[in-house]
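Written below as structure tokens is the structure these notes are about.
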Number of protein chains: 2
Amino acid sequence: MLKLTRKVEYSLIALRHMQNAGHEAVCSARVIAERYGIPYDLLAKILQLLARESIITAVQGPKGGYRINARLGDISLIDFFELIEGPVGISDCNLDEDCDRDSICNIRKPITRINNNIRSVFSNITLDDVTL
Amino acid sequence: MLKLTRKVEYSLIALRHMQNAGHEAVCSARVIAERYGIPYDLLAKILQLLARESIITAVQGPKGGYRINARLGDISLIDFFELIEGPVGISDCNLDEDCDRDSICNIRKPITRINNNIRSVFSNITLDDVTL
DNA sequence: AATAAATACGATATATTTAGTCGTAGTTAG
DNA sequence: CTAACTACGACTAAATATATCGTATTTATT
């Protein structure tokens with residue numbers, strides 16, 4: 001319960017690695033995967049996603065790889081999470097899906113309130129706070 | 001990602017229902033299940049768990065059911081979650097399991113920090129805040 | 001005493017989500 | 001032209017969460 005996914009964890013690990021390597025350095029998926037014991041195929045797919053979202057830039061061909069593109073200090077964790085995983089909420093009723101129990105639910109309000117608290121925590125942390 | 005389990009949600013719904021019913025009232029699992037569209041078998045098991053943990057008291061026999069026992073204002077959400085689901089953390093490395101990547105992980109510290117933030121949110125909310 | 005309405009609880013089954021793998025194609029430095 | 005990369009969809013496997021079932025016990029009511 002309340003856990004981040006591996007996709008998010010691996011993303012953060014990779015971003016921090018790239019940041020440590022310097023903004024010009026090009027890091028390949030293979031190197032990062034081996035360095036941190038992450039399944040290569042999975043990491044590759046994740047980095048492709050981050051590239052599509054312009055957080056990193058892909059460099060193709062041999063000696064290729066990725067380097068950081070976005071300013072990580074400008075991206076909040078909640079935005080990052082939702083970029084990778086889609087809408088985030090502690091309960092389905094916080095994810096614009098409409099709930100069957102909607103009309104009779106007796107904890108909707110407090111759950112929404114708590115959800116906002118959690119989102120606020122992640123809104124006030126940027127990627128730099130994790131990767132720097 | 002970051003979602004509560006149904007077990008937790010159903011618990012909160014049931015507790016709020018019981019609180020609304022008054023502290024002396026005895027509420028049966030069947031009635032609560034039907035009222036909120038919760039699978040009876042599942043709710044029954046959850047209420048048994050809450051009873052074992054002395055949060056509610058079971059009354060056996062016909063006309064039996066449960067009533068609130070603990071002072072809900074004294075129980076933080078984080079304690080409640082861990083009572084029901086066991087250790088809670090946003091990542092495995094926050095759950096005393098030892099992680100293979102431990103020695104090479106580059107995001108352990110920030111993840112721990114964030115985990116503490118989240119726990120702090122749930123520590124500062126009591127069951128009364130949800131059920132009252 | 002019999003019955004019916006409850007709780008008690010472990011075992012099992014189902015569904016959903018997450019994680020990981022595979023195959024194939026495109027790109028480019030050397 | 002080949003080897004080392006990225007790109008991406010389809011697929012499989014594993015983990016987790018959710019739900020169901022079977023059986024036993026308790027007790028108010030009749």
Side-chain angles (χ1 to χ4, degrees), chain A residues 1-11 13-14 18 25-34 36-67 69 81 84-92 95 97 100-101, chain B residues 1-11 13-14 18 25-34 37-54 56-67 69 81 84-92 95 97 100-101:
Chain A
M1 195 182 73
L2 292 172
K3 278 212 299 221
L4 303 179
T5 60
R6 293 252 196 278
K7 250 154 102 179
V8 165
E9 284 185 19
Y10 295 160
S11 297
I13 289 173
M18 289 187 230
V26 171
C27 307
S28 77
R30 172 105 30 212
V31 165
I32 298 177
E34 277 168 9
Y36 300 97
I38 298 171
Y40 165 74
D41 283 319
L42 187 50
L43 182 63
K45 211 161 54 168
I46 292 168
L47 294 179
Q48 285 157 28
L49 167 60
L50 295 184
R52 272 199 300 279
E53 300 289 351
S54 305
I55 292 183
I56 58 182
T57 302
V59 177
Q60 291 213 332
K63 301 276 176 186
Y66 302 90
R67 75 171 153 257
N69 179 44
F81 291 169
I84 295 177
E85 298 289 346
V88 167
I90 61 168
S91 173
D92 284 342
L95 311 169
E97 304 167 28
D100 293 348
R101 273 186 282 279
Chain B
M1 195 181 73
L2 292 171
K3 278 210 300 222
L4 303 179
T5 60
R6 293 254 195 279
K7 250 154 102 179
V8 165
E9 285 186 17
Y10 295 161
S11 297
I13 289 173
M18 289 188 230
V26 170
C27 306
S28 78
R30 177 134 277 135
V31 165
I32 298 176
E34 276 167 10
I38 299 171
Y40 165 75
D41 283 319
L42 187 51
L43 181 64
K45 211 161 54 167
I46 292 169
L47 294 179
Q48 285 158 28
L49 168 60
L50 296 184
R52 271 199 299 279
E53 299 289 351
S54 304
I56 58 182
T57 302
V59 177
Q60 290 213 332
K63 301 277 174 184
Y66 302 90
R67 75 170 154 257
N69 180 45
F81 291 169
I84 295 177
E85 298 290 345
V88 167
I90 62 169
S91 172
D92 284 342
L95 311 169
E97 305 166 27
D100 293 349
R101 273 185 283 278

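Sequence lines set the chain letters: A, B, ... in the order given, protein chains first and strands last, and positions in each chain run from 1.
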Using the test ring pair (Phe, Tyr, Trp, His ring centres under 6.0 Å), find all partners of A:Y10 that sit at least two apart in sequence or belong to another chain.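 A:Y10 satisfies ring pair (Phe, Tyr, Trp, His ring centres under 6.0 Å) with no other residue.
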
For the pair made of [atom1] in [X] and [atom2] in [N], what is the distance, rounded to whole Å?
| X | N | atom1 | atom2 | answer |
| --- | --- | --- | --- | --- |
| A:I38 | C:dT21 | CD1 | C1' | 16 Å |
| B:R6 | C:dT17 | CZ | C1' | 12 Å |
| B:K63 | C:dA6 | NZ | P | 8 Å |
| A:I46 | C:dG20 | CD1 | C1' | 10 Å |
| A:L42 | C:dT18 | CG | C1' | 10 Å |

Quick check for you: name the first and last nucleotides of DNA chain D, 5' to 3', having an atom under 4.0 Å from a heavy atom of chain B.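 First-to-last contact on DNA chain D, by the 4.0 Å heavy-atom rule, is D:dT18 to D:dA28.
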
Are the side chains of [Y] and [X] in contact, using a 4.5 Å heavy-atom criterion?
| X | Y | answer |
| --- | --- | --- |
| B:L43 | B:Q48 | no |
| B:L49 | B:E53 | yes |
| B:Y66 | B:I32 | no |
| B:M1 | A:T5 | yes |
| B:L47 | B:M18 | yes |
| A:E85 | A:V8 | yes |
| B:I84 | B:I46 | no |

Identify the pairs formed between an N or O of the protein and an N or O of nucleotides 1-3 of chain C at a distance under 3.5 Å, and give each distance.
none

Under the side-chain contact (heavy atoms from CB on, under 4.5 Å) test, residues paired with A:Q60 that sit two or more places apart: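 Per chain and number, A:Q60 pairs via side-chain contact (heavy atoms from CB on, under 4.5 Å) with no residue.
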
Atom of B:S28, atom of B:G64 and distance for their closest heavy-atom approach: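 Looking at all heavy atoms of both residues, the shortest contact is CB-O, 3.9 Å.
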
Kindly give the heavy-atom pair with the smallest separation between B:E9 and A:I90, and that separation in Å.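 Smallest interatomic distance, heavy atoms only, reads OE2-O, 4.2 Å.
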
Give me the distances for all protein-to-nucleotides 7-13 of chain C N/O pairs that come in under 3.5 Å?
residue : atom : partner : partner atom : Å
C:dT7   : OP1  : B:A29   : N            : 2.9
C:dA8   : OP2  : B:Y66   : OH           : 2.9
C:dA8   : N7   : B:Q48   : NE2          : 3.3
C:dC9   : OP2  : B:R52   : NH1          : 2.8
C:dA11  : N6   : B:K45   : NZ           : 3.1

Under 3.5 Å, side chain of A:N69 to main-chain N/O of A:S54, donor-acceptor pair present?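 Answer holds: yes.
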
Nearest-nucleotide 5' precedence on DNA chain C, A:P62 against A:Y10: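 This one resolves to A:Y10.
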
State, to the nearest 10°, the angle formed by the axis through the first five base pairs of the helix from C:dA1-D:dT30 to C:dG30-D:dC1 and the axis through its last five.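 That helix gives 0° between its end axes.
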
Could you tell me the separation between the CD1 atom of B:I56 and the CG atom of B:L50, rounded to the nearest 0.5 Å?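 Here the interatomic distance stands at 4.5 Å.
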
